[in-house]
2 protein chains.
Amino acid sequence: MAKKLTILDIAKLAGVGKSTVSRVLTNDPKVKPSTREKVQQVIQDAGFVPSKSAQAMRGGSAKVVGVILSRLDSPSENKAVSGILDVIYAAGYDAVIMESQFCPVKTNEHLQVLRKRNVDGVIVFGFTDFDVKAVAEWQHKAVVIAVETDVVSSVGYDNTGVIQLAMDKLLAQDLRHISFVGVDPSDKTTGAMRLKAYQTCCEQADIKAVYGCGELSHDSGYQLTDKVLKKKTQAIVCASDSLALGVAKRLQELGRNDVIVSGVGASDLLSFIFPNTFSIDPGYFDAGKTSAELLIKQLAGQDSITHLTQTACLT
Amino acid sequence: MAKKLTILDIAKLAGVGKSTVSRVLTNDPKVKPSTREKVQQVIQDAGFVPSKSAQAMRGGSAKVVGVILSRLDSPSENKAVSGILDVIYAAGYDAVIMESQFCPVKTNEHLQVLRKRNVDGVIVFGFTDFDVKAVAEWQHKAVVIAVETDVVSSVGYDNTGVIQLAMDKLLAQDLRHISFVGVDPSDKTTGAMRLKAYQTCCEQADIKAVYGCGELSHDSGYQLTDKVLKKKTQAIVCASDSLALGVAKRLQELGRNDVIVSGVGASDLLSFIFPNTFSIDPGYFDAGKTSAELLIKQLAGQDSITHLTQTACLT
DNA sequence: CTGTTAGCGCCTTCAT
DNA sequence: ATGAAGGCGCTAACAG
């Protein structure tokens with residue numbers, strides 16, 4: 001690893017002025033092709049790499065976007081991040097990633113740091129009581145995933161759709177006794193909205209709503225099963241795959257293999273382990289891609305603040 | 001968001017020279033406490049944030065480390081990344097994360113980009129045929145996880161230990177008919193090393209080795225079960241939790257609830273769903289922390305190239 | 001202790 | 001089409 005080369009070094013090496021080298025670097029059209037080629041050759045040979053820090057300082061843009069997610073080990077979020085990375089990287093940006101751990105304070109700290117780093121934009125995975133104001137300051141340089149916000153762009157999941165899809169599929173099979181296992185409505189999206197969707201479906205189909213809510217874990221699903229399971233129950237719709245896993249497990253123990261279980265998340269595990277199950281895909285990966293595309297467009301000034309909803313699909 | 005403030009602006013605002021402001025920023029001790037306080041006050045009030053780009057350019061260090069992992073949605077890797085993030089962040093660094101998708105070419109591209117970005121160091125998750133040479137150029141500014149390399153520091157998992165631990169536990173229960181399900185030995189670590197560990201254990205315990213290898217998936221575990229399951233089989237040790245999940249599922253189908261299954265990965269799912277199972281924790285999270293600590297020490301010149309092995313434990 | 005003065009590496013007028 | 005010069009925001013000598 002040779003010592004740090006600068007634009008000036010290769011200017012000398014190529015026998016040109018440093019501005020010409022700069023022009024080559026920025027793809028300025030007003031460079032004689034022959035000169036350009038010569039300079040590029042020298043750059044290659046010398047293994048010169050322009051300093052992003054200097055470019056960033058000069059030009060203002062560091063070509064970096066910050067991503068704040070709540071937990072790296074959340075299957076939904078890391079799928080979305082993969083989508084983000086794909087898009088971001090293809091557009092010549094890089095991502096600095098941070099974990100909020102569902103803590104508003106940490107989130108704001110991270111935003112501070114990202115601001116200081118002069119990142120071009122941020123993508124934040126929202127959670128129930130995160131501080132919208134802090135991200136609002138970023139205006140068009142921010143996109144929030146998973147939570148609706150009016151102040152900045154957002155890409156939400158179709159919390160109603162994921163449940164509707166499951167219900168429709170079950171209703172189409174002429175099932176009339178469908179229970180629901182969700183998470184506490186204090187969680188606005190996975191909790192309240194999905195429960196509401198279930199209730200609405202029940203009303204419309206004129207069937208009785210039977211449900212229970214708890215935490216977002218297998219164990220909670222397992223516990224809640226007995227509460228929502230009646231003799232006539234034909235299916236149990238769950239707000240997430242982890243709940244569904246717990247429910248399916250409990251049903252298996254009880255020998256109720258007749259009851260269909262549905263989850264949300266598109267994990268292959270659920271149906272691999274339990275035959276009588278299916279899962280709805282909220283489109284995590286695509287939501288990630290979408291949000292990244294949105295952000296990049298906004299940074300390029302090609303788009304203004306927008307609110308999108310990722311459509312879900314059956315798996 | 002007011003316009004860009006610079007160190008000079010707050011220097012004027014505070015009625016001092018800009019170098020004094022700089023000194024405050026860098027915690028230079030030679031500043032009169034009262035002056036320092038005044039400046040800090042102005043910084044607060046004005047909401048000034050020093051530009052990292054400029055600092056990076058001046059000082060040479062951007063306080064960033066690059067992390068190249070193979071897949072974000074690998075439970076093992078994202079646990080490790082969480083560990084890395086914790087440490088990195090506490091040390092005032094940030095992480096830019098990229099996915100190699102097990103592709104040596106992509107990995108090298110990413111390393112290029114990271115170099116161009118002037119990152120202080122890199123942490124790379126190794127995979128079977130990744131290009132050690134590329135990362136070797138980084139010398140003490142790199143740490144490789146999951147694969148042993150002699151040219152740069154590395155933090156490996158105890159591939160022998162994870163299997164030994166499982167075997168010991170089973171042998172202690174006086175079981176003598178223990179099969180193994182692994183992945184193809186073309187994978188050096190999870191494949192070859194763990195198989196070897198199994199074979200060695202068998203030899204030492206003077207029991208017969210019965211094993212099968214395939215891919216790293218539930219399905220593969222499911223398929224291989226019939227191959228390694230004999231009438232007398234008392235336990236099946238698996239090279240990973242996903243394999244174990246498949247094996248346990250198949251055993252359940254076959255009504256062989258007497259057979260104990262072990263996996264590697266410490267996923268809570270395995271034992272939640274299947275009673276007669278346990279999992280070994282290779283210490284992913286800690287390995288992440290360790291590697292980050294190692295890197296930071298090396299960057300500070302406090303440590304030279306080192307090779308560590310993360311110790312595994314029972315869960 | 002504090003202000004002044006150079007640059008860091010690059011991009012961008014401004015002349016040529 | 002190209003070179004010279006200026007400055008981005010900051011830190012690190014060098015003077016007071």
Side-chain angles (χ1 to χ4, degrees), chain A residues 1-43 46-64 92 113 115-120, chain B residues 1-43 46-64 92 113 115-120:
Chain A
M1 221 183 129
K3 70 173 278 294
K4 268 290 189 134
L5 290 173
T6 87
I7 193 182
L8 189 60
D9 294 320
I10 54 143
K12 286 176 190 157
L13 247 49
V16 299
K18 61 174 184 163
S19 27
T20 303
V21 179
S22 177
R23 288 190 183 97
V24 171
L25 255 30
T26 51
N27 284 313
D28 189 319
K30 332 175 269 180
V31 184
K32 200 202 299 175
S34 66
T35 312
R36 172 183 303 274
E37 200 153 334
K38 183 174 60 184
V39 173
Q40 267 163 344
Q41 188 58 47
V42 176
I43 290 181
F48 164 78
V49 271
S51 147
K52 277 269 179 189
S53 325
Q55 294 181 311
M57 193 188 121
R58 194 61 185 68
S61 161
K63 285 288 201 176
V64 174
V113 173
R115 150 123 330 135
K116 186 178 327 190
R117 280 212 181 274
N118 237 311
V119 301
D120 301 84
Chain B
M1 213 186 137
K3 70 171 281 295
K4 265 305 186 95
L5 292 171
T6 84
I7 191 180
L8 189 59
D9 293 320
I10 52 145
K12 284 177 190 158
L13 247 52
V16 300
K18 63 172 185 165
S19 35
T20 303
V21 179
S22 177
R23 288 192 184 96
V24 172
L25 257 28
T26 51
N27 285 314
D28 189 317
K30 327 178 276 185
V31 184
K32 200 204 297 175
S34 67
T35 312
R36 170 183 304 274
E37 200 153 335
K38 183 174 61 184
V39 173
Q40 267 165 344
Q41 188 58 46
V42 176
I43 290 181
F48 164 78
V49 270
S51 148
K52 276 270 179 189
S53 325
Q55 294 181 310
M57 194 189 123
R58 194 61 188 75
S61 160
K63 285 289 201 176
V64 173
V113 173
R115 149 121 333 134
K116 186 179 326 193
R117 281 215 181 272
N118 238 311
V119 302
D120 302 82

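Proteins get letters first, then strands, A, B, ... in listed order; numbering begins at 1 in each.
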Sugar-phosphate, base or nothing in reach of Ser53(B), heavy atoms under 4.0 Å: nothing
Per Thr35(A) side chain, nearest of listed nucleotides dT2(D), dG3(C), dC10(D): dT2(D)
Sugar-phosphate only, base, or nothing, as touched by Thr20(A) at under 4.0 Å among non-hydrogen atoms: sugar-phosphate
Closest-nucleotide 5' rank along DNA chain D - winner of Pro33(A) and Lys18(A): Pro33(A)
d(NZ, Lys63(B); P, dC10(D)) in whole Å: 18 Å
5' precedence on DNA chain C between Lys30(A) and Ser19(B) (nearest-nucleotide basis): Ser19(B)
Distance-minimising heavy-atom pair for Leu25(B) and Phe48(B): CD2-CE2, 4.0 Å
Donor-acceptor pair, side chain of Arg36(B) and main chain of Asp28(B), under 3.5 angstrom: yes
Side-chain N,O (Gln55(B)) to OP1/OP2 (dG9(D)) below 4.0 Å: no
Reference residue Arg23(B); test side chain to side chain contact (heavy atoms under 4.5 Å, CB included); the match among Val39(B), Val16(B), Val31(B), Thr35(B): Val31(B)
Nearest-Å distance for atom pair CZ/P, residues Arg23(B) and dT11(D): 11 Å
Nucleotide dT2(C), atom C1' - distance to CD1 of Ile10(B) in whole Å: 15 Å
Leu25(B) or Val16(A), whichever maps to the more 5' nucleotide of DNA chain D: Val16(A)
Selection from dC1(C), dC10(C), dT13(C) that lies nearest to any side-chain heavy atom of Lys32(B): dC1(C)
Length of the CE-P vector between Met57(A) and dC10(D), whole Å: 8 Å
Whole angstrom value for the distance that separates P of dC8(D) from CG of Asp9(B): 11 Å
Closest listed nucleotide, where the reference is the side chain of Val31(A) and the choices are dC10(D), dT2(D), dT2(C): dT2(D)
hbond_proxy Arg58(B) side chain to dG9(C) base (donor-acceptor, 3.5 Å cutoff): no
Nearest-0.5 Å distance, CG of residue Leu8(B) to OG of residue Ser22(B): 12.0 Å
Euclidean distance, atom NZ of residue Lys12(B) to atom C1' of dT2(C) [Å, nearest integer]: 18 Å
Between dC10(D) (P) and Asn27(B) (CG): distance, integer Å: 16 Å
Sugar-phosphate only, base, or nothing, as touched by Ser22(A) at under 4.0 Å among non-hydrogen atoms: base
Whole-Å distance separating the CG atom of Leu8(A) from the P atom of dC8(C): 9 Å
